[in-house]
Amino acid sequence: MTRKQRRLTLIGSAGAVLAVALALILFALNDQIVFFQSPTDITEKAVPTGQRIRLGGLVEEGSVVRSDNAEVSFRVTDMANVVSVTYKGILPDLFREGQGVVTEGIIRPDGVFVADSVLAKHDENYIPKEVAEALKDQGHWQGEESAAN
Amino acid sequence: MIVELGHFTLVLAFVLTLVQSTVPLWGALSRDDRLMAVAPPVSVMTFLLVLVAFLVLTVAYISSDFSVLNVIENSHSAKPLIYKISGVWGNHEGSMLLWVLILVFFAALVGLFGGNLPTDLRAVTLAVQGWVSAGFILFLLATSNPFTRVTNPPLEGADLNPILQDIGLAIHPPLLYIGYVGFSITFSFAIAALILGRLDAAWARWVRPWTLLAWCFLTLGIAMGSYWAYYELGWGGWWFWDPVENASFMPWLAGTALLHSAIVMEKREALKVWTVLLAIFTFSLSLLGTFLVRSGVLTSVHAFATDPARGVFILGLLCFFIGGSLSLFAWRASMLKQGGLFAPISREGGLVLNNLFLTAACAAVFVGTLYPLVLDAVAGEKISVGAPFFNLTFGPLMVPLLIAVPFGPVLSWKRGDLLAATQRLYAALALALAMVLFTFWLWGMEKILAPLGVGLAVWVMAGAVAEIVTRVKFLSVGPKRGFDRLVGLPRSAWGTAVAHFGLGVTVLGIVTASAFQEERIETMRPGDTVNLSGYEVTFDGAAPRRGPNYTEEVGHFTIRTGGVVISELDPSKRVYTARQMPTTEAGIYTTGFSQLYLSMGESRGDGAVDVRIYFKPLITLIWIGCVVMAFGGALSMADRRLRIGAPKPAARRKAAVAAAAE
């Protein structure tokens with residue numbers, strides 16, 4: 001092999017690997033990302049059932065109902081609209097009524113949000129950033145800035 | 001008074017780093033030996049000063065000095081001593097102080113043990129390290145002073161975030177930081193080489209042990225963090241593709257690539273420009289990680305506090321160091337002469353392939369981590385990029401790399417023979433295929449990918465063993481001479497084989513724990529039994545208990561197989577008194593390499609609790625493999641040729657003798 005051919009082989013294989021990586025990334029970005037929606041988004045824009053989304057807001061006071069088989073249902077609100085959520089599993093330590101929550105899952109045809117993960121964060125005075133902003137959009141944000149720490 | 005001493009020594013250290021960043025550099029450019037000789041003692045002195053500052057903060061924590069704001073916010077007098085100490089770095093200011101301490105520690109190491117480096121290389125390397133240190137000490141002093149006092153000290157502190165009150169916090173950050181920040185020294189070496197315009201095989205030989213050192217610690221740090229999240233967060237997951245995890249994983253990927261390209265540079269004087277670029281990238285990714293974690297753009301357990309000024313400051317440092325180093329690279333890289341031709345099929349070719357896939361995988365993680373942040377900033381759209389994205393991009397890129405791993409060490413330099421290499425790996429290949437069939441036989445066709453994954457892991461492990469066997473030529477020289485050859489093998493060869501073996505072990509753990517995990521979520525009342533993977537888990541009841549700074553509800557579970565009691569587990573729900581914050585403590589039963597993992601939800605009042613039970617086959621292999629990898633790295637570092645240092649070319653040795661005689 002000449003020097004030039006060697007160099008071309010090297011550049012060619014590098015190009016091939018990078019092209020594959022790029023293709024994978026673009027494909028995954030198209031397909032595997034999850035959009036954040038507030039209850040108002042879900043009520044106003046018809047989000048297709050079966051599409052994975054993140055739903056965030058506050059857990060409505062008095063809405064948490066536990067049933068057997070570790071199932072729990074609650075309602076998520078942004079003070080303007082409300083979405084019912086069901087979840088099977090153990091709720092995170094900081095899950096509380098009246099507190100911020102982010103859940104991920106799909107909307108069933110009957111409008112109930114089936115979550116397969118519920119995130120509350122690691123700190124007691126934490127409000128998820130997305131939730132804080134969704135609440136601000138609805139004009140219901142009263143916390144000081146420091147509450148978003 | 002003692003707290004002010006800490007503040008004062010930190011200011012003093014800042015001034016010294018300014019000296020360290022300028023005087024030796026001036027000396028190297030003007031060829032003044034006396035100016036260059038300033039670097040080593042100054043670097044040691046800076047380290048001692050920062051160490052004093054760090055110890056002062058530690059003393060403030062141990063004595064619960066609540067006149068210091070940092071101690072008030074993160075400590076409590078009832079906290080056990082070990083968490084008072086580890087609490088020093090369990091907050092933003094303290095962890096940045098630890099960051100800086102390790103930064104100047106590495107400079108001091110080069111100052112103390114860099115005696116066999118050329119004087120100008122050492123001086124410029126320390127100067128570059130001085131710039132980085134100066135930047136970060138200034139960051140501490142200007143925006144994150146850990147020594148701030150309050151006028152009216154409260155009687156009690158706010159306590160440390162309970163999740164951080166764990167032995168994990170004592171170990172994970174220091175390990176991770178030694179790894180993370182350790183790459184700064186490689187970066188400084190690379191910049192020094194660009195400034196001096198000189199880059200030879202000896203340079204690679206000096207740089208490799210530092211890279212190895214940082215890499216070993218980073219490997220251990222990431223593994224430790226993963227295990228910590230696994231048992232402390234109670235979710236049963238060991239890797240979440242969380243941006244913060246990715247922040248430490250990206251430097252690891254780039255550092256692993258650097259480790260391999262440095263070999264090519266040392267042995268064959270090829271890939272010079274690429275190696276320097278990788279060294280810059282690796283530390284840039286460490287800086288980026290620091291920015292992501294510390295600036296508050298992400299919300300996570302690691303983001304202790306959000307303060308826009310800090311984010312802007314780190315972003316400034318980031319732009320300065322990354323932008324500056326890449327500009328310097330663009331300007332000076334053409335001076336570095338390329339050497340060492342090689343055919344595509346050769347050991348060099350294998351190492352290039354390794355670098356290609358590792359950097360491509362690193363790029364995929366980079367996009368997945370930063371895309372949501374960029375999209376939010378540009379379009380205001382909120383998205384989350386989670387495990388599915390990374391499994392789809394990172395996973396496929398790792399497969400060809402893992403297939404290639406055993407080939408690398410058995411190919412010869414310059415021009416390799418793929419057929420001959422494959423022949424050496426026949427046994428490994430046969431073993432891997434046998435494992436694939438065995439797994440199929442065991443689990444049936446329901447999981448197609450898992451047996452292939454198991455086969456891949458066995459292939460990597462068996463390939464590592466095959467490498468040693470073929471190097472020793474056991475089969476042709478007989479056991480007696482074979483054993484002698486085994487002992488006489490250079491440690492770097494052992495290091496490669498051990499580290500590759502560890503990689504295979506980790507992959508095996510990942511595949512089995514993800515594919516064959518079993519999980520049950522149940523509401524259990526006292527006396528209820530759940531069957532899972534041949535284990536009978538009985539809930540006996542829950543009772544309250546008091547700890548030093550928390551109260552907890554402890555569940556008692558009995559584990560039986562075939563009616564025989566084999567273990568009892570006590571997972572619990574804790575509430576830490578000072579912050580009124582609940583945490584989950586999982587109950588874990590380890591059997592062989594597998595684990596039964598039990599975590600409890602909130603009590604329902606009538607004695608019933610929600611329980612999540614997992615059986616995770618071979619999961620501990622994930623972390624054991626990482627420890628094996630780090631051990632391989634340490635073996636490689638102990639290799640004689642790295643210990644002794646590079647031989648000096650004759651001409652320069654003469655010049656050095658002449659200089660010494662003056």
TODO: Give the intermediate values and the outcome of ring pair (Phe, Tyr, Trp, His ring centres under 6.0 Å) for residues A:Tyr87 and A:Phe74.
DONE: CA-CA 9 Å; A:Tyr87 172 66; A:Phe74 51 90; 7.6 Å; no

TODO: Go through the atoms of A:Gln37 and report whether side chain, backbone, both or neither lie under 4.5 Å from a heavy atom of chain B.
DONE: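 Neither part, no heavy atoms under 4.5 Å.
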
TODO: Examine whether an atom of A:Ile25 lies under 4.5 Å from a heavy atom of chain B, and if so say whether it belongs to the side chain, the backbone or both; otherwise answer neither.
DONE: both

Open item on the list: For chain A, which candidate among B:Tyr371, B:Phe390, B:Phe394 shows the most heavy-atom pairs at distances under 4.5 Å?
Closed with: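 Top option by heavy-atom pairs under 4.5 Å: B:Tyr371.
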
Open item on the list: So which residue, B:Ala360, B:Gly601, B:Ser384, ends up with the most heavy-atom pairs under 4.5 Å with chain A?
Closed with: B:Ser384

Task: Over 12 non-hydrogen atoms of neighbours within 6.0 angstrom of NZ in B:Lys414 - done: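 Counting other residues, nucleotides and ligands, NZ of B:Lys414 stays at 12 neighbours or fewer.
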
- [ ] Name the option with the most non-hydrogen atom pairs under 4.5 Å to chain B; the candidates are A:Leu29, A:Leu10, A:Val20.
- [x] A:Leu29

TODO: Compare every heavy atom of A:Leu24 with every heavy atom of B:Pro396, then report the nearest pair and how far apart it is.
DONE: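 Between these two residues, the closest heavy atoms are CB-CD1, 3.8 Å.
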
Open item on the list: Quick one, B:Leu373 and B:Leu292 - any side-chain contact, counting heavy atoms below 4.5 Å?
Closed with: yes

Open item on the list: Within the structure provided, determine whether A:Arg75 and A:Val85 are in side-chain contact (heavy-atom separation under 4.5 Å).
Closed with: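 No; the side chains remain at least 4.5 Å from each other.
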
Which portion of [X] sits near chain A, non-hydrogen atoms under 4.5 angstrom:
{"X": "B:Thr359", "answer": "neither"}
{"X": "B:Met524", "answer": "neither"}
{"X": "B:Arg525", "answer": "side chain"}
{"X": "B:Val611", "answer": "backbone"}

Task: Residue list, ring pair (Phe, Tyr, Trp, His ring centres under 6.0 Å) with A:Phe113, at least two apart or on another chain - done: none

Task: Non-neighbouring partners of B:Arg574 that pass side chain to side chain contact (heavy atoms under 4.5 Å, CB included), sequence neighbours left out - done: B:Tyr550, B:Glu552, B:Ser572, B:Tyr576, B:Thr583, B:Glu585

